[in-house]
*Asks:* 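One structure follows; several queries about it will come next.
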Amino acid sequence: MHLRIHPSILSADFVNLESEVARISSAEAVHVDVMDNHFVPSLTFGPQMVKRLVEVSPIPLDVHLMVENADDNAVVYADLGAQSVTFHIEAATSPQSIIDSLHDRGAKACMAFKPGTPLSPYHELFHTLDMILIMTVEPGAGGQAFLGGMMPKLDELTRYLQTQGLSPLIQVDGGVTVETLPQALRHGANAFVAGSSVFGHGIPEDNITALRLAAKQGEA
Ligand code: DX5
Ligand code: ZN
C-alpha cells in the first residue's frame with residue numbers, strides 16, 4: 001500500500017502557516033492538531049484557523065481533534081472542508097453517530113486511541129472507519145519519544161482487520177522519525193504523522209523524502 005506522510009504543523013511556525021504548508025506540498029496531507037486546553041492541557045487552533053488553512057493549503061487537511069465533546073465538534077471541521085476528521089474515542093459519547101455525520105458531509109472518518117485505551121471494546125465500529133489512529137505518545141505535545149510499547153497494539157489491530165477483511169488506513173502519531181517509522185511500518189502502519197522530524201530542522205521536503213527513504217530501506 002502507498003505510504004502516507006502527514007506532517008504536523010504543530011511543529012511549524014504558527015505565524016507563517018501559509019508559507020509553512022507550502023513547504024510540504026509533496027506530503028499526502030497536512031496534519032492539523034486541534035487542542036482545547038481541556039482534553040489536553042495545550043491550546044492550538046480552532047475552526048477559524050482551519051477554515052483559512054483549507055483555503056490556502058496545497059494539500060488536503062487531516063484534522064486531529066484533541067478536544068472534549070467530539071459529538072458536537074467533529075462535524076464542524078467536516079463542514080469546513082477537512083478531508084478527514086479524527087476524533088478521540090475517549091471524548092465521544094456516540095461514536096457511530098459521529099462517523100455517520102462525517103460521512104454525510106463527505107469527510108473521511110477516523111477514530112483515535114490514546115496509548116492506554118484498549119481496542120477490543122470498539123471493534124464493531126471499525127468497519128465504518130476510513131482510518132484508525134494509534135497514538136504513539138500521550139496526546140498533547142510535539143517532540144515526545146515514540147512509545148515502542150504500542151507495537152503489540154498495532155499487531156493486534158492489523159490481525160483483527162485481516163480476520164475481518166477490513167482495510168482502513170492505520171495511522172501512527174507521535175515520535176515518528178527515520179528511526180521509528182520503519183518499526184511502525186513493519187507492524188502494519190501506513191499513514192505517518194511527523195511533526196518535529198519534518199519541521200524541527202532543515203528543509204521540510206527533504207525530511208519528508210528522508211522518511212520515505214527510511215520506509216523503503218526498512219522494507220528491504
Ligand atoms: C501530539 C500530536 C502530534 C504531534 C506529533 O499530541 O497529536 O500530531 O504534532 O509531534 P512529533 O512528531 O514531534 O511527535
Ligand atoms: Zn496529532
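Just so you know, ligand 1 is whichever comes first in the structure, and atom 1 is the first atom listed for that ligand.
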*Asks:* List the closest protein heavy-atom neighbour of atom 14 (O) of ligand 1: residue, atom name, distance to the nearest 0.1 Å.
*Replies:* G175 N, 2.8 Å
*Asks:* Please state which protein non-hydrogen atom is closest to atom 13 (O) of ligand 1 and give its distance, to 0.1 Å?
*Replies:* S196 OG, 2.5 Å
*Asks:* Does the distance from a Lys or Arg side-chain N to an Asp or Glu carboxylate O, for R212 and E28, drop under 4.0 Å?
*Replies:* yes
*Asks:* Is there a nitrogen or oxygen of V176 sitting under 3.5 Å from a nitrogen or oxygen of ligand 1?
*Replies:* no
*Asks:* Is the shortest side-chain N to carboxylate O distance from E20 to R23 below 4.0 Å?
*Replies:* yes
*Asks:* Provide the number and element of each atom of ligand 1 under 4.0 Å from a heavy atom of M66.
*Replies:* 6 (O), 7 (O)
*Asks:* Going by heavy-atom distance to atom 10 (O) of ligand 1, choose the closest among S8, G142, A145, S11.
*Replies:* G142
*Asks:* State the CG-CD1 distance between L53 and I9, to the nearest 0.5 angstrom.
*Replies:* 5.0 Å
*Asks:* Hey, does S197 sit under 4.0 Å from ligand 1 if you only count heavy atoms?
*Replies:* no
*Asks:* H64 and H6: aromatic ring centres closer than 6.0 Å?
*Replies:* no
*Asks:* Can you sort out which atoms of ligand 1 are near H64, meaning under 4.0 Å from one of its heavy atoms?
*Replies:* 7 (O)
*Asks:* Indicate if I208 and L185 have the same hydrophobic cluster label, given that clusters are the connected sets of ILVMFWY residues with side-chain heavy-atom separations under 4.5 angstrom.
*Replies:* yes
*Asks:* Consider only side-chain heavy atoms of I, L, V, M, F, W and Y, link residues closer than 4.5 Å, and tell whether V193 and M151 are in one cluster.
*Replies:* no
*Asks:* Examine the side chains of Q164 and H123 and answer whether a donor and an acceptor come within less than 3.5 Å of each other.
*Replies:* no
*Asks:* Which residue and non-hydrogen atom of the protein lie closest to atom 5 (C) of ligand 1, and at what distance in Å?
*Replies:* D173 OD1, 3.5 Å
*Asks:* What protein heavy atom lies closest to atom 6 (O) of ligand 1? Include the residue and the distance to one decimal.
*Replies:* G140 N, 2.7 Å
*Asks:* Tell me whether E55 is salt-bridged to R52, with the criterion being a basic N under 4.0 Å from an acidic carboxylate O.
*Replies:* yes
*Asks:* Just say parallel, tilted or perpendicular for the rings of F39 and H88, cut-offs at 30° and 60°.
*Replies:* tilted
*Asks:* Hey, which of V76, V85, T86 is the one that makes side-chain contact (heavy atoms from CB on, under 4.5 Å) with L65?
*Replies:* V85
*Asks:* Please indicate whether any nitrogen or oxygen in E138 is less than 3.5 Å from any nitrogen or oxygen in ligand 1.
*Replies:* no
*Asks:* Tell me: protein heavy atom nearest atom 2 (C) of ligand 1, and distance?
*Replies:* D33 OD1, 3.5 Å
*Asks:* Does the pair D130 and H103 meet the rule for a side-chain hydrogen bond (donor to acceptor under 3.5 Å, both in side chains), with working shown?
*Replies:* CA-CA 10 Å; D130 301 291; H103 286 156; 2.8 Å; yes
*Asks:* Does the pair L125 and M111 meet the rule for a side-chain contact (heavy atoms from CB on, under 4.5 Å), with working shown?
*Replies:* CA-CA 9 Å; L125 297 167; M111 209 159 82; 3.7 Å; yes
*Asks:* Is there at least one pair of N or O atoms, one from G143 and one from ligand 1, spaced under 3.5 Å apart?
*Replies:* yes
*Asks:* Under 4.0 Å from any heavy atom of G174, which atoms of ligand 1 are there?
*Replies:* 14 (O)
*Asks:* What protein heavy atom sits nearest atom 12 (O) of ligand 1, and how far off is it?
*Replies:* G195 N, 2.7 Å
*Asks:* Between N190 and Q171, is any side-chain donor less than 3.5 angstrom from a side-chain acceptor?
*Replies:* no
*Asks:* Just to confirm my output: which protein heavy-atom neighbour is closest to atom 1 (C) of ligand 1, and how far is it?
*Replies:* A141 O, 3.5 Å
*Asks:* Within the 4.0 Å heavy-atom shell around H31, which atoms of ligand 1 are there?
*Replies:* 8 (O)
*Asks:* Any heavy-atom pair between the side chains of V67 and M35 that's under 4.5 Å?
*Replies:* no
*Asks:* Which atoms of ligand 1 sit under 4.0 Å from any heavy atom of V193?
*Replies:* 8 (O)
*Asks:* May I ask you to list the protein N, O or S atoms found at less than 2.8 Å from the Zn ion (ligand 2)?
*Replies:* H31 NE2, D33 OD1, H64 ND1, D173 OD2
*Asks:* Go through ligand 1 atom by atom and flag the ones less than 4.0 Å from a non-hydrogen atom of A194.
*Replies:* 12 (O)
*Asks:* When you compare the side chains of S8 and D33, does any donor N or O come within less than 3.5 Å of an acceptor on the partner?
*Replies:* yes
